[in-house]
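In this chain, residues are counted from 1 in sequence order.
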Amino acid sequence: MTDLPGIVITGASGRMGQMLINTVLGSDKCKLVGAIERTGHDWVGRDVGEAMGGLTNGVIVTDDALEAFSRAQAVIDFTAPAATVAFSALAAQAHCVHVIGTTGMTDDDISKLGAAAHHCTIVRAGNMSLGVNLLTKITKMVAQALDDDFDIEVVEAHHNRKVDAPSGTALMLGEAAAEGRGVILADVSESGRDGITGARTRGDIGFSAIRGGDVVGEHDVMFLGDGERIILRHVASDRSLFAKGALKAALWGQTQKPGEYDMMDVLGL
Ligand SMILES: NC(=O)C1=CN([C@@H]2O[C@H](COP(=O)(O)OP(=O)(O)OC[C@H]3O[C@@H](n4cnc5c(N)ncnc54)[C@H](O)[C@@H]3O)[C@@H](O)[C@H]2O)C=CC1
Ligand SMILES: O=C(O)C1=N[C@H](C(=O)O)C[C@H](O)C1
């Protein structure tokens, strides 16, 4: 039992944090050794099981990330961009695998992960589910097969607490479509249409975001031609699939060399 890899969960009180804690506690392949929240959060100092409304489990929520990481083999991090950049430096110092689910990271944030990846294994993906990663592959294939006669639009829907748009998944799908077309997404990306926008530019990849209620995550990639449309869709109905994917990545990362990886690598897609 003691030889099982120890996992730390950051953002312990969050929607994904709590799901991840339950997933780790329910696994016979790893053990929970730490739970992190931001300084000043009212969970800091409390037993995480009790804070989640259940039985105590002996893991006390802390804001001392480096101390917790130094007792762990992997950190699973679904928090916010600035926190994730800071955690990556600490995970590198502690030589832990860093699994990153956080979305909304800028190019500058992502470039900062590069230094940490010299010392530790980083697995980062905007979506940890098998279905979305497969959809990403399929999107690239379809985009490769069709030309600009088909307009590409990515439409996503999420719950009303989500703070970033387009979603990390939508951007993954957009990147895949752009790769399939042999173009750079930044050169053709179109989002936030409003007002007199003019006609659609041929070759653009459009993004639309719906926010409301408790939607877990839905993504459509639409290829719209004259007289026909192809619509590829993924619907997530339970956050546990992201948590299971992240845990798979944390365990996979135990045998990898330092560097930056994604869920395609983990899933062998
Ligand atoms: N890649 C994937 O498969 C998925 C990614 N996500 C992403 O995960 C992130 C979190 O999503 P939710 O759990 O829904 O958000 P949330 O708002 O419920 O949770 C975020 C948690 O991070 C904590 N946090 C923020 N800064 C911190 C810091 N400096 N130190 C420690 N904790 C800190 C907050 O206190 C909060 O508990 C978002 O970026 C979301 O898009 C969500 C689901 C799946
Ligand atoms: O914030 C969320 O909830 C989700 N975020 C990820 C994203 O931005 O794509 C993954 C999933 O769709 C849920």
Side-chain angles (χ1 to χ4, degrees), residues 1-12 14-36 48-49 52 57-59 61-62 65-79 83-84 87-103 105 113-114 116-137 168-169 172 216-217 236 238-269:
M1 187 70 184
T2 45
D3 289 328
L4 293 176
I7 312 277
V8 172
I9 304 298
T10 60
R15 279 173 291 276
M16 280 305 301
Q18 296 193 50
M19 187 59 78
L20 285 157
I21 287 167
N22 282 329
T23 302
V24 170
L25 289 173
S27 168
D28 59 4
K29 296 192 172 67
C30 60
K31 60 188 173 188
L32 183 70
V33 296
I36 311 289
V48 75
M52 284 168 59
N57 58 36
V59 174
V61 180
T62 177
L66 184 56
E67 187 283 325
F69 292 3
S70 67
R71 294 183 283 101
Q73 279 66 53
V75 178
I76 305 183
D77 178 17
F78 287 60
T79 53
T84 291
F87 289 144
S88 75
L90 301 179
Q93 226 176 303
H95 299 288
C96 282
V97 171
H98 189 189
V99 177
I100 301 174
T102 306
T103 59
M105 298 183 77
L113 304 179
H118 290 304
H119 306 283
C120 74
T121 297
I122 294 181
V123 183
R124 186 177 68 85
N127 197 302
M128 302 280 176
S129 75
L130 170 63
V132 159
N133 282 276
L134 196 55
L135 181 64
T136 304
K137 227 180 141 74
T169 309
M172 268 171 71
V216 173
D238 187 339
R239 280 189 182 84
S240 66
L241 89 159
F242 307 133
K244 284 179 193 149
L247 181 52
K248 193 186 224 349
L251 298 176
W252 176 87
Q254 298 303 310
T255 55
Q256 306 305 312
K257 292 195 178 117
E260 290 185 78
Y261 302 88
D262 61 23
M263 274 312 276
M264 297 285 206
D265 299 314
V266 175
L267 297 168
L269 292 174

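- For the residue pair D77 and T102, the shortest heavy atom distance occurs at O-OG1, 3.4 Å.
- Partners of T23 by side chain to side chain donor-acceptor pair (under 3.5 Å), not counting sequence neighbours: none found.
- Under the rule for a side-chain contact (heavy atoms from CB on, under 4.5 Å), the partners of H119 that lie at least two apart in sequence or sit in another chain are A92, H95.
- F78 meets the ring-ring contact (aromatic ring centres under 6.0 Å, His included) test with no other residue; sequence neighbours excluded.
- Partners of T103 according to the side-chain contact (heavy atoms from CB on, under 4.5 Å) rule, which considers only residues two or more places apart in sequence or in another chain, are K162, D164.
- L90 and A65 make their closest contact through CD1-CB, 3.8 Å (heavy atoms, listed as atom of the first residue, atom of the second, distance).
- When every heavy atom of I122 is checked against every heavy atom of A116, the shortest pair comes out as CD1-CB, 4.1 Å.
- Sorted by first then second residue, the side-chain hydrogen bond (donor to acceptor under 3.5 Å, both in side chains) pairs that include residues 122-133, not counting sequence neighbours, are N127-S129, N127-T169.
- Taking 4.5 Å as the limit, every side-chain heavy atom of I7 sits out of range of all side-chain heavy atoms of V33.
- Side chains of C120 and V97 form no contact here, defined as non-hydrogen atoms less than 4.5 Å apart.
- Within the structure, ring-ring contact (aromatic ring centres under 6.0 Å, His included) pairs that include any residue of residues 244-269 comprise W252-Y261 (at least two apart or interchain).
- Rounding to the nearest 0.5 Å gives a distance of 8.0 Å between CG of L134 and CE of M264.
- For the side-chain contact (heavy atoms from CB on, under 4.5 Å) test, residues two or more places apart in sequence or in another chain that qualify with T62 are I36, D64, A68.
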Criterion side chain to side chain contact (heavy atoms under 4.5 Å, CB included) on T121 and H98, from CA distance to verdict: CA-CA 6 Å; T121 297; H98 189 189; over 6 Å; no
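- Between the side chain of D262 and the backbone N or O of D265, at least one donor-acceptor pair lies under 3.5 Å.
- Taking 4.5 Å as the limit, every side-chain heavy atom of L20 sits out of range of all side-chain heavy atoms of L247.
- The shortest heavy-atom contact between L269 and K137 is C-NZ, 3.6 Å.
- In this structure F87 satisfies the ring-ring contact (aromatic ring centres under 6.0 Å, His included) test together with F69, sequence neighbours excluded.
- Taking S70 as the reference, nothing meets the side chain to side chain donor-acceptor pair (under 3.5 Å) condition, with sequence neighbours excluded.
- M128 CE to R239 CZ: the interatomic distance, rounded to the nearest 0.5 Å, is 15.0 Å.
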Criterion side chain to side chain donor-acceptor pair (under 3.5 Å) on T84 and T79, from CA distance to verdict: CA-CA 7 Å; T84 291; T79 53; 3.2 Å; yes
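- Looking at residues two or more places apart in sequence or on another chain, you find no side chain to side chain donor-acceptor pair (under 3.5 Å) involving S88.
- Legend: residues meeting side chain to side chain donor-acceptor pair (under 3.5 Å) with D238, ordered by chain and number and at least two apart, are S240.
- Side-chain contact check for C96 versus V8: every heavy-atom pair is 4.5 Å or farther apart.
- Of all heavy-atom pairs spanning V48 and A35, the tightest one is CG2-CB, 4.0 Å.
- At distances below 3.5 Å, at least one donor-acceptor pair connects side-chain atoms of Q73 with backbone N or O atoms of G6.
- Proximity of V24 to I9: side-chain heavy atoms (C-beta onward) are separated by under 4.5 Å at one or more points.
- In this structure, G126 and M172 approach most closely via the heavy-atom pair N-SD, 3.6 Å.
- With sequence neighbours left out, the salt bridge (charged side-chain N to carboxylate O under 4.0 Å, His left out) criterion links E67 to R71.
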